[in-house]
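Counting starts at 1 for both ligands and their atoms, in listed order.
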Amino acid sequence: MNASATQPISAQNVADTFATVFGYPPDGVWVAPGRVNLIGEHTDYNDGFVLPFAIDREATVAVRLRADQTARLISSYGDKKMVEVDISTLSHGTMTGWTAYPLGVVWVLAQMGVEVGGFDLYLHSTVPSGAGLSSSAAIECAVSTALNDLYGAQFSPKELVLIGQRTENEVVGAPTGILDQSASLLASDGHAVFLDCRTRESHLVPLDLSGAALRILVVDTKVTHAHATGGYAERRASCELGAQMLDVPSLRELTAAQLPEAALRLDAVTYRRVRHIVTENQRVLDTVVVLDDAGPTAIGALLTASHSSMRDDFEISCAELDLAVATALENGALGARMTGGGFGGCAIALIPEAEELKVRDAVDRAFAKANWQAPDFFTVSPGPGARRIL
Ligand code: ADP
Ligand code: MG
């Protein structure tokens, strides 16, 4: 196994590695992508709108069913040790480390009444782990797409979204919504996925970056501030309190026209949290309209307004993210914003292709001047969703 993680690799190459490891060829090869959320932050748990797109970095799995109940799993990343388990005895204690993602999917399928059987699985992922691009959902979605085919379970992509979410919530213990898996499973090349988190309805929105000579640059600040988990829980609680005080089932029900009245009924901090959610939902809707009418060149101001709202109203940005955003904007980005939960992690910048190096260089220099560790950069483009490739 000589492929280093994040290096692109062909389906045949993954199948060949599987054959070298296990001594026979796989039944097939499946992929599922990571994602970037273009706009719509912290709106998911408020029943609101999000607009992610699948990226051209994917988890690839080669799988072969076995006649017994044994699962053998190996990844090209990390310690590269084979994990072997009896899937008829899966429990929270046996689904640990990275195998919690693939085995969690098997466990959820079994809970749903699917007759699961043993398999051999080789994983190679080009989605950087823990960088906010959802490497975990990519694994879940690649595995659920593969096993759905091999077990003949016939779940729809939308049902697979919920299977991935249950894996995160019930097996891994991450209280996530359906954003990541929806992007990974429902995406299409050159499109973003508009998702209504209340109704779970979704539709594709054209996002033709290359046609407009644009790039989306992800700046991974590589910082996670200590209050990230507490801050996330605290923001969720603020949103719930705001909805309760305004007598609505969720903040999704509010529009900008109701904000002046909300200001009179809420304390100043809760009001600002509410205002972020209300204005962010509207920015997602506006982004969809602008993408349809004028194309991606015109969405920059909405991205930047989203960042200001997260910095000033929701207060989930940090110095590193603010510097990345400001420096990108000063050096030719059309728009930029932090993306993800906040308190660290990644920012995205919408950049004309010709300006990419200038922006990278400027952000690098700004971080060096601040005496911070150098950020990582990824250029991503909207790619297709989960599928069989061999
Ligand atoms: P994110 O989904 O934002 O990348 P998570 O913490 O949710 O971050 O998921 C990262 C975890 O996913 C890793 O700790 C590891 O368990 C698993 N993972 C990601 N990439 C791989 C890989 N190539 N091989 C094995 N496990 C991986
Ligand atoms: Mg994850």
Side-chain angles (χ1 to χ4, degrees), residues 1-9 13-14 17-18 21 29-37 41 44-45 50 52-55 57-63 71-83 85 92 94-106 121-144 146 161 163-185 218-224 228-229 232 338-348 376 378 380 386:
M1 217 170 302
N2 50 16
S4 75
T6 74
Q7 284 295 307
I9 195 168
N13 199 323
V14 173
T17 308
F18 178 101
V21 173
V29 178
W30 291 259
V31 293
R35 63 95 190 98
V36 160
N37 192 23
E41 221 64 74
D44 56 346
Y45 57 80
V50 292
F53 62 93
I55 57 175
R57 286 167 173 265
E58 305 173 314
T60 306
V61 292
V63 187
R72 295 189 295 173
L73 308 101
I74 188 161
S75 168
S76 62
Y77 170 84
D79 66 9
K80 301 183 174 63
K81 280 201 190 115
M82 176 107 70
V83 173
V85 287
H92 285 80
T94 52
M95 296 183 282
T96 55
W98 76 272
T99 61
Y101 299 98
L103 293 175
V105 169
V106 178
L121 181 148
Y122 168 65
L123 164 70
H124 177 81
S125 178
T126 58
V127 189
S129 173
L133 302 179
S134 212
S135 65
S136 64
I139 298 172
E140 289 148 13
C141 296
V143 171
S144 68
V161 167
I163 289 167
Q165 185 196 17
R166 277 191 69 181
T167 304
E168 291 272 353
N169 294 171
E170 295 174 35
V171 179
V172 180
T176 54
I178 54 171
L179 189 160
D180 302 345
Q181 292 82 8
S182 297
S184 189
L185 287 156
V218 180
V219 182
D220 181 2
T221 64
K222 297 200 280 188
V223 295
T224 318
T229 312
Y232 180 85
M338 53 149 284
T339 181
F343 310 105
C346 296
I348 55 170
D376 271 344
F378 314 97
V380 293

Note to self: Set out, in order, the CA-CA distance, both residues' side-chain angles and the distance that settles side chain to side chain contact (heavy atoms under 4.5 Å, CB included) for Met82 and Val21, then state yes or no.
What the structure shows: CA-CA 9 Å; Met82 176 107 70; Val21 173; 4.1 Å; yes
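Screening Val218, Ile348, Val36 for a side chain to side chain contact (heavy atoms under 4.5 Å, CB included) with Phe378, the sole residue that qualifies is Val218.
With a 4.0 Å cut-off on non-hydrogen atoms, Tyr77 touches ligand 1 through its side chain and not its backbone. Heavy atoms of Ile139 found under 4.0 angstrom from ligand 1 belong exclusively to the side chain.
Ranked by closest heavy atom to atom 8 (O) of ligand 1, the top entry among Ala174, Gly130, Ser134 is Gly130. In the candidate list Ser136, Pro102, Gly34, Ser136 is nearest to atom 2 (O) of ligand 1, counting heavy atoms.
Atom-to-atom distance recorded for Leu123:CG and Thr17:OG1 is 11.5 Å, nearest 0.5 angstrom. Between the CE atom of Met95 and the OG1 atom of Thr167 there is a distance of 9.0 Å, given to the nearest 0.5 Å.
Residues passing the ring-ring contact (aromatic ring centres under 6.0 Å, His included) test with Phe18, sequence neighbours excluded: Phe22. Remark: Phe343 engages His227 in a ring-ring contact (aromatic ring centres under 6.0 Å, His included) (not counting sequence neighbours). The side-chain hydrogen bond (donor to acceptor under 3.5 Å, both in side chains) check on Asn37 picks up Glu41, with sequence neighbours excluded.
Interface of Ser75 with ligand 1, defined as ligand atoms under 4.0 Å from a residue heavy atom, comprises 22 (C), 23 (N), 24 (N), 25 (C). Taking a cut-off of under 4.0 Å to the non-hydrogen atoms of Leu123, the atoms of ligand 1 that pass are 22 (C), 24 (N), 25 (C). The distance from ligand 1 to the heavy atoms of Ser125 drops below 4.0 Å at these ligand atoms: 23 (N). Listed by number with element, the atoms of ligand 1 under 4.0 Å from a non-hydrogen atom of Gly132 are 3 (O).
Within the protein, the number of N, O or S atoms lying under 2.8 Å from the Mg ion (ligand 2) is 1.
Scanning all heavy atoms of the two residues, the minimum distance from Glu140 to Gly164 falls at OE1-O, 3.5 Å.
Ser76 is listed as a side-chain neighbour of Tyr122, based on a closest heavy-atom distance under 4.5 Å. By the 4.5 Å heavy-atom criterion applied to side chains, Thr94 and Leu103 are not counted as neighbours.
Using a 4.0 Å heavy-atom cutoff, Gly78 is absent from the residues neighbouring ligand 1.
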